[in-house]
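One structure is given below, encoded as structure tokens.
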There are 2 protein chains.
Amino acid sequence: MSEIPTFKQIQKAYLKIRDKVHRTAVLKSQKVNKRAGGELFFKCENFQKVGAFKFRGATHAVGELPEEKAQNGVATHSSGNHAQAVALAAKQRGIPAHIVMPENAPKVKVHAVRDYGADITFSKSTQEARESTLETVIDDTGAAFIHPYNDPNIIMGQGSAAIELLEDQPDLDIILGPVGGGGLISGTAIAASGFSPDTKVIGVEPEVANDAYLSFKTGERHPIQSTDTVADGLRTSLSELTFSCIQEHVDDIVTVSEHEIIDSMRFIWERMKIIIEPSSAVPAAAAFNDKVNIENRKVGIIISGGNMDLDTLPWQNFEN
Amino acid sequence: MSEIPTFKQIQKAYLKIRDKVHRTAVLKSQKVNKRAGGELFFKCENFQKVGAFKFRGATHAVGELPEEKAQNGVATHSSGNHAQAVALAAKQRGIPAHIVMPENAPKVKVHAVRDYGADITFSKSTQEARESTLETVIDDTGAAFIHPYNDPNIIMGQGSAAIELLEDQPDLDIILGPVGGGGLISGTAIAASGFSPDTKVIGVEPEVANDAYLSFKTGERHPIQSTDTVADGLRTSLSELTFSCIQEHVDDIVTVSEHEIIDSMRFIWERMKIIIEPSSAVPAAAAFNDKVNIENRKVGIIISGGNMDLDTLPWQNFEN
């Protein structure tokens, strides 16, 4: 198993990538604070390149490849933000990117990956098919696999968002972040532990994809086979590495319902006039629904991204 | 007829209101510039209080009322952003607001006005019914009528957005703004004429609500009786006052189609991750569709607001 990254490593990663990523805005809203009962600071990674924090980790991981390995390019399988992140990071380094995408991936995501110049291979949509197709691609090309979260270099890159947030707002009592595969919350918690040890870091997960919650509470990994949470970025389960990071550095994990996610997402669209994807509404939902005591506290919230299909909005399809 | 405001008056107005309004962000996007072929700077009044630039003018006009007149409160009729703007401006001054709203106004707008503590009177939705109901309200209360644009104090307040934009980005070649009743473009053009005389100010209008275009080209006002452009904030026609301001200070007026408005709105949502209402996409549509030559120019774009019904998005209903 890979080692848990240190705060020093996250600082170094940040220095390496900071000219390549956007320093995203930290936004506040009186109306949102009124509802939440605390003072919220939104770190807007929906404004990041490719529309998501994933570009931070991908930029770092792609950048760390030794030259002789990088020549053969990088590869991954993803239908989401990680695919675009790896594609753009590879383009910026000037090396090929090979992305395996499920054949039912939304066209808009396929176009975005292609726009960044990546080579796309389609597979059936099962996890097994995606993985075996990726293996074939790697065998054929010699490309280096960039895992979306089970990689210390990825975790270090993701931690840079929390460094910027704490630089802008050093006195946060709590940081809330979403938990999918665990890369973002791991990087966030390690960054906070070094930068601001009194700041508590709490992960938030959809109730119907609560593998991290169960793992954290029981001390044993509980991978989930499948889930259809509206927070499509959070359907994955923790890896051994991210689970170790979370056990060591995260203070708590709480869950929110599908209704709470959609309601919070819409509230932020309406009041803050920013587009956030469902996964990004998950930590805000914890703040709005008393899943964490934030009364009169200063709370950082990592908005993970803003990529979604604008043809169908979740509140238009969701019965609750 | 009221007199055309001067640049000095706009400067004074700005000094009076600047602690009461948000200094909104000016955003840029590489992807948007790539499509437009020029460098665009978006003045984000969707982040303004009440979600629209209208709060600037309302704050100034309500603030300018002499104390003895203000005691009886203010009144207006509006189903849109002006209603919320007057309601909040009155609340902040501590005087009553009486708002006449059509009985078919969206509930979300009614709630917003009520949340600001305004007194609402419903009328039938025709222009005549709204005006006669307003007259009754004014007779009953002695409130001062705050017109949405045919008022020099309103125009002065709206001009403050362009002052901030030009302070942040002094070397703009062009500013594009939407034209409805003409208050925003009038204030913008007067502000630019004093602050940055080389900056051209061009108004943009929906083709199907082109009264300002016709008036500007013929030298005579051409009010339009009714129109159903998707840009619901731009359905009104110029007043004598705003027409005079435009004749004197605006460099050109161009028009865009309904399809161009909706396409531009969606593009900005997708690429910039901000929520703008259809009226706000009108000037961007001119930039994206070569209605104005912006090649290699620096172009300011006033994003007028971000209030809309998130249950129905225009691209979900529009056949083109």
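Chain naming here is simple, since letters A, B, ... match the order of the sequence lines and numbering starts at 1 in each.
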Using a cut-off of 6.0 Å, state whether more than 12 heavy atoms not belonging to [X] lie near its atom [atom1].
{"X": "Lys109(A)", "atom1": "NZ", "result": "yes"}
{"X": "Lys28(A)", "atom1": "NZ", "result": "no"}
{"X": "Gln30(A)", "atom1": "CD", "result": "no"}

Out of curiosity, [X] [atom1] to [Y] [atom2], how far, rounded to the nearest 0.5 Å?
{"X": "Asn307(B)", "Y": "Glu270(A)", "atom1": "CG", "atom2": "CD", "result": "9.5 Å"}
{"X": "Gln316(B)", "Y": "Gln316(A)", "atom1": "CD", "atom2": "CD", "result": "4.0 Å"}
{"X": "Asp311(A)", "Y": "Trp315(B)", "atom1": "CG", "atom2": "CH2", "result": "8.5 Å"}
{"X": "Ile274(A)", "Y": "Ile275(B)", "atom1": "CD1", "atom2": "CD1", "result": "8.0 Å"}

(message) Quick test of your reading of the model: are Asp115(B) and Lys34(A) salt-bridged, counting only N-O distances below 4.0 Å?
(response)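 Here Asp115(B) does not pair with Lys34(A) in a salt bridge, since their nearest N and O are not under 4.0 Å apart.
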
(message) So for Met272(B), is it side chain, backbone, both, or neither that comes closer than 4.5 Å to the heavy atoms of chain A?
(response)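 Just its backbone gets close to chain A.
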
(request) Under 4.5 Å heavy-atom distance to chain A, tell me which part of Ser29(B) shows up: side chain, backbone, both or neither. (result) neither

(message) If I compare all heavy atoms of Arg266(A) with all of Asp309(B), which pair ends up nearest, and what's the gap?
(response)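 Minimum heavy-atom contact is NH2-OD1, 4.2 Å.
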
(request) May I ask you to decide if Phe47(A)'s main-chain N or O and Lys273(B)'s side chain share a donor-acceptor pair within less than 3.5 Å? (result) no

(message) Between Leu310(A), Leu27(A), Val108(A), Asn46(A), who has the most heavy-atom pairs with chain B when the cutoff is under 4.5 Å?
(response) Leu310(A)

